[in-house]
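Take a look at the structure below.
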There are 2 protein chains.
Amino acid sequence: MGENIKNISKTQIVLAAAKLFKQKGYAASSMRDIAAALNIEAASLYHHIKNKEEILDIICFDMATKFLSAIAEVNDIYFNAEEKLRKAILHHVEIITEDIDKSAVFLREWRSLPESALADFLLLRNQYENEFTRIIENGIEEDVFDNVDKKFAVLSILSSVNWINEWYSADGNMNANEIAHKISDFVMGGLRKKLVTDAHYKA
Amino acid sequence: MGENIKNISKTQIVLAAAKLFKQKGYAASSMRDIAAALNIEAASLYHHIKNKEEILDIICFDMATKFLSAIAEVNDIYFNAEEKLRKAILHHVEIITEDIDKSAVFLREWRSLPESALADFLLLRNQYENEFTRIIENGIEEDVFDNVDKKFAVLSILSSVNWINEWYSADGNMNANEIAHKISDFVMGGLRKKLVTDAHYKA
DNA sequence: CATTTTGTCTAACAATTGTTAGGCAAAAAT
DNA sequence: ATTTTTGCCTAACAATTGTTAGACAAAATG
């Protein structure tokens, strides 16, 4: 091969691209940027991938699959609603913190997917939300959760867990477990059924 | 003037741009796209604005100013911590729902600001977060809120209110007031001091 | 050893980008 | 009535974009 054998893999390309997509966004990251990050020429990328869109596609659907199989697992094994929700949140936080670059792209850049992929993607995202909704419903049936607006609760929870992507850094002093625990505690406060009213009302 | 006198205003440009920036992102929206949305030629835009960056600048800082003056007002007038937080959330939701396009840009596209503006922007955003943190601190001092992780509570709250931008549509069946009320109720559950333990633990 | 495959390269392309220059007619100011 | 200003236009620019074609040498395969 050319005097430079770098043997870049598709995985490396996706990783480097994810890092750039997170920093500058999909549209503002050029193929030449991605190539430069890997010390190769832009044209060489096409030996490994079909086109730029494929990279975004891979990132978005890989992550979607991760999230979906995690929640499927939680819903399969039996836990009561609170345990289920806590596990679901934990897995979610784990997936995000394991790869902040790719999850940033999953959370923000999916809008740049080509139309057909976008439709599929939104289906998956909806499916994920529905699994969470089911957990909340369980909790209400089990009389453990207050009869809250389900859709609302799910969106509040998901937005909270997703937001960690904005400030989490691997070298920080909190791990996924601690983060998940704190979020769960906070969220559970808003969900749990209260037999006796809060201090606020007692006073 | 040329047989076409359209008298486009800077405000119209910003509005049309915001709509596009929300849909396709800043980088993927061209000056020609913006111009086409206003039925003029791209070059004509430069009669009203300095360059593309200025549009993003205006949107981001206009919104930041709105948010900051709203919370300043809340913190000026005396309310107890819970009232303050509820008012702050209400104003936040109002600002978002009043202009979903511009607030989407404020929430997502600020990353594309040129470096110097970006630094200023982040300062304002931090300032806003700090005002919220002060409210939580007040609540803890007043012994109305649980001694939660302040930073965490603020980020959870803000992520929840910001998320409404993703699904809110003006023609939907919820107004800003109802949305703010629901979020506040949910959030307050996680914050309020609990004298007697929850039903869950009583059982 | 001969051949094919693999992974890079250079060079080039057509399209699109943000932006500027200069023209021209209507409206406003003198 | 004349001049200036305003708000648009067409045309063009240099740079950058995603992508393709084709060469070439190392590695793998026969």
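Being a predicted model, the structure only gives us computed values, none of them experimental. Note on naming: letters A, B, ... go to the chains in the order of the sequence lines (proteins, then strands), and numbering restarts at 1 for each one.
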Checklist entry - Using a heavy-atom distance cut-off of less than 4.0 Å, which residues of residues 40-48 of chain B contact DNA chain C? => result B:A43, B:Y46

Checklist entry - Once you round it to whole Å, what is the distance between P of D:dT19 and CD1 of A:I55? => result 9 Å

Checklist entry - To the nearest Å, how far apart are A:I8 CD1 and C:dC9 C1'? => result 14 Å

Checklist entry - What residue pairs, at least two apart or across chains, pass ring-ring contact (aromatic ring centres under 6.0 Å, His included) with a residue in residues 153-178 of chain A? => result A:W167-B:F152

Next on the checklist: Quick check on D:dC9: is either OP1 or OP2 less than 4.0 Å from any side-chain nitrogen or oxygen of B:K6?
Outcome noted: yes

Checklist entry - So, is B:N51 near the phosphate of C:dG18, with a side-chain N or O under 4.0 Å from OP1 or OP2? => result no

Checklist outcome for this item: Within residues 9-18 of chain B, the residues having a heavy atom closer than 4.0 Å to DNA chain C are none

Item to check | Short N-O contact, A:E178 and A:K182, less than 4.0 angstrom | outcome: no

Item to check | side-chain contact (heavy atoms from CB on, under 4.5 Å) involving A:R111 - partner list, sequence neighbours excluded | outcome: B:R108, B:E166

Item to check | Carboxylate-amine/guanidinium proximity below 4.0 Å for A:E131 and A:R134 | outcome: yes

Checklist entry - What do you reckon, are the aromatic ring centroids of B:F132 and B:F67 less than 6.0 Å apart? => result no

Checklist entry - Taking NZ, NE, NH1 and NH2 as the nitrogens, is one of them in A:E73 or A:K87 under 4.0 Å from a carboxylate oxygen of the other? => result no

Next on the checklist: Output the rounded distance in Å from CD1 (B:I49) to C1' (C:dT19).
Outcome noted: 10 Å

Checklist entry - Where along residues 24-38 of chain A does a heavy atom come under 4.0 Å from DNA chain D, residue by residue in number order? => result A:S29, A:S30, A:M31, A:R32

Checklist outcome for this item: Residues B:C60 and B:F106: closest non-hydrogen pair is O-CD1, 3.6 Å

Checklist entry - Between A:D33 and A:K19, does at least one N-O distance fall below 4.0 Å, as a salt bridge requires? => result no

Checklist entry - Near A:K84 NZ, under 6.0 Å, is it more than 12 heavy atoms from other residues, nucleotides or ligands? => result yes

Checklist outcome for this item: Between A:A81 and A:G139 the two heavy atoms that sit nearest each other are CB-CA, 3.3 Å

Checklist entry - Going by the side chain to side chain donor-acceptor pair (under 3.5 Å) test, which pairs reach into residues 41-66 of chain B, not counting sequence neighbours? => result B:K10-B:E54

